[in-house]
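In this chain, numbering begins with 1 at the start of the sequence shown.
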Amino acid sequence: MPNTKTLLPALRRLVAALSEDLLQRSLVLSQVDAGLRSAYAQIAKGGRTADAFEVWREDYLDQVAVAWVRSCVFVRFMEDNGLVDECWLAGDGERRKLAEDTHELYFREHPHDSDREYFEHVFREVGSISACADLFAAGKTPLWAVGPSGAMAMKLLAFWREVIPETGELRRAFHVEDGDTRFLGDLYQDLSERARKKYALLQTPVFVEEFILDRTLNPAIDEFGLDVVRMIDPTCGSGHFLLGGFGRLFDLWIRREDNEIAAAQKALDGVWGCDINPFAVAIARFRLIVAALRACGITRLKDAPAWKVHLAIGDSLLFG
């Protein structure tokens, strides 16, 4: 299990450095500035911000920086838990050599690119896996709005490959037991100080989650039946209630379905979520996919179907 006490401070510093780098690129590159101003104009026209452009830009670039770090965490989780055969960013032992060889091969084929293009290549490769498509899709993440400088991307790659001098092991490994993804909720809550204050991020304790589901979802299943019951979390955060609901629904559906994949999709069809924070929605989506993999006994993402996950980015308080 990743040590969040040491990981989170390092990731917060990384987000801050990325945010500053993105801001500097937006100030010196006219095409980046024009893209941000166009996005701001659409948002302001729709009445979705009252901030001045400069304030909105700083907040948005923080979201982009978080998206880059979050996407790297997803890839590292996949690499260290054997969900992908490939290794792009880092690993221990033979996996480290594989990551280095993959990086070297890319630059043999693309000698004029920087590490920014390499990261974008990695994200597209992972996004080409059916089960992961929505995690990296344009329009569902601010990841593609603007990338860091080549120098910053080089530092980002070095961050994931840093080793402990005394042991030679990776300083930041992401292997977990039994597919436990709750540590991602800690990242959601504490990765960005700006986001934590803006969205009042706070995780729901497990006992509270179970207490509420015992008194809401379970009685609803008894009253309306498994075939029609649906639960929605209008402020789903990193997905604790959705994960709990999925687990309960899957345990019931697998008794009626011979096929685990079909049972997993029906359980996913029973849990719906929305959050104003795109970072939260991405983590909830990833956690549901990992939970479905584990429920079906699937060990590699390429063997998983393109499960439909019912999550949306939006403000649940805005009608229509």
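There is no path of hydrophobic side-chain contacts, each under 4.5 Å, that joins F224 to F250. Residues V208 and V271 are members of one and the same hydrophobic cluster, defined by side-chain heavy-atom contacts under 4.5 angstrom among Ile, Leu, Val, Met, Phe, Trp and Tyr.
Looking at E125 and S128, their side chains never bring a donor and an acceptor atom within 3.5 Å of each other. Checking D21 against S149 by side-chain atom types alone, a donor-acceptor pair falls below 3.5 Å. Side chain to side chain, H310 and R230 fail the donor-acceptor criterion of an N or O pair below 3.5 Å.
Side-chain contact between E86 and M78: absent, with no pair of heavy atoms (C-beta onward) separated by less than 4.5 Å. Residues D80 and R76 are in side-chain contact: their nearest non-hydrogen atoms beyond the backbone lie under 4.5 Å apart. Between C296 and W307 there is a side-chain heavy-atom pair separated by less than 4.5 Å. Side-chain contact check for I221 versus L252: some heavy-atom pair is nearer than 4.5 Å.
Taking the six-membered ring where tryptophan is involved, the planes of F123 and F119 are tilted, since the angle between them lies from 30° to 60°. Relative orientation of the Y118 and H121 rings is tilted, given thresholds of 30° and 60° on the angle between their planes.
Within 6.0 Å of CG in D258 there are 12 or fewer heavy atoms belonging to other residues, nucleotides or ligands. The 12-atom threshold is exceeded at CH2 of W56, counting heavy atoms of other residues, nucleotides or ligands nearer than 6.0 Å.
Ionic pairing of K266 and E257 is present here: one or more N-O contacts between side-chain nitrogen and carboxylate oxygen are shorter than 4.0 angstrom. With respect to D51 and R57, no salt bridge is recorded, no charged nitrogen being found less than 4.0 Å from a carboxylate O. One finds no salt bridge joining K97 and D92 here, because no Lys/Arg side-chain nitrogen approaches an Asp/Glu carboxylate oxygen to under 4.0 Å.
Because its NZ or CZ atom is not both nearer than 6.0 Å to the ring centre of F136 and within 45° of the ring axis, R124 does not count as a cation-pi partner of that residue.
Remark: S238 OG to F286 CZ distance equals 13.0 Å, nearest 0.5 Å.
Paired with E162 under the rule salt bridge (Lys or Arg N to Asp or Glu O under 4.0 Å), one option of R96, R172, K155 passes, and it is R172.
Under the ring-ring contact (aromatic ring centres under 6.0 Å, His included) criterion, F53 pairs with Y40, not counting sequence neighbours.
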As a quick check of understanding, evaluate salt bridge (charged side-chain N to carboxylate O under 4.0 Å, His left out) for K308 and D269, giving each step before the final call. CA-CA 8 Å; K308 184 172 179 60; D269 289 338; over 6 Å; no

Show your reasoning for whether side chain to side chain donor-acceptor pair (under 3.5 Å) applies to T141 and R70. CA-CA 10 Å; T141 171; R70 179 205 66 217; 2.8 Å; yes

Could you please spell out the steps behind the side chain to side chain contact (heavy atoms under 4.5 Å, CB included) verdict for M231 and T216? CA-CA 9 Å; M231 64 164 281; T216 54; over 6 Å; no

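For the salt bridge (charged side-chain N to carboxylate O under 4.0 Å, His left out) condition, the pairs that include at least one residue of residues 105-115, sequence neighbours left out, are E104-R108.
Checked against the 6.0 Å centroid criterion, the rings of W253 and F246 do not qualify as a close aromatic pair.
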Only distances under 3.5 Å count here; give the side-chain donor-acceptor pairs of residues 25-35 to other protein atoms, sequence neighbours excluded, each with its distance to 0.1 Å.
from, atom 1, to, atom 2, distance (Å)
R25, NH1, G147, O, 2.5
S26, OG, L23, O, 2.6
D33, OD1, R37, NE, 3.1
D33, OD2, R37, NE, 3.0

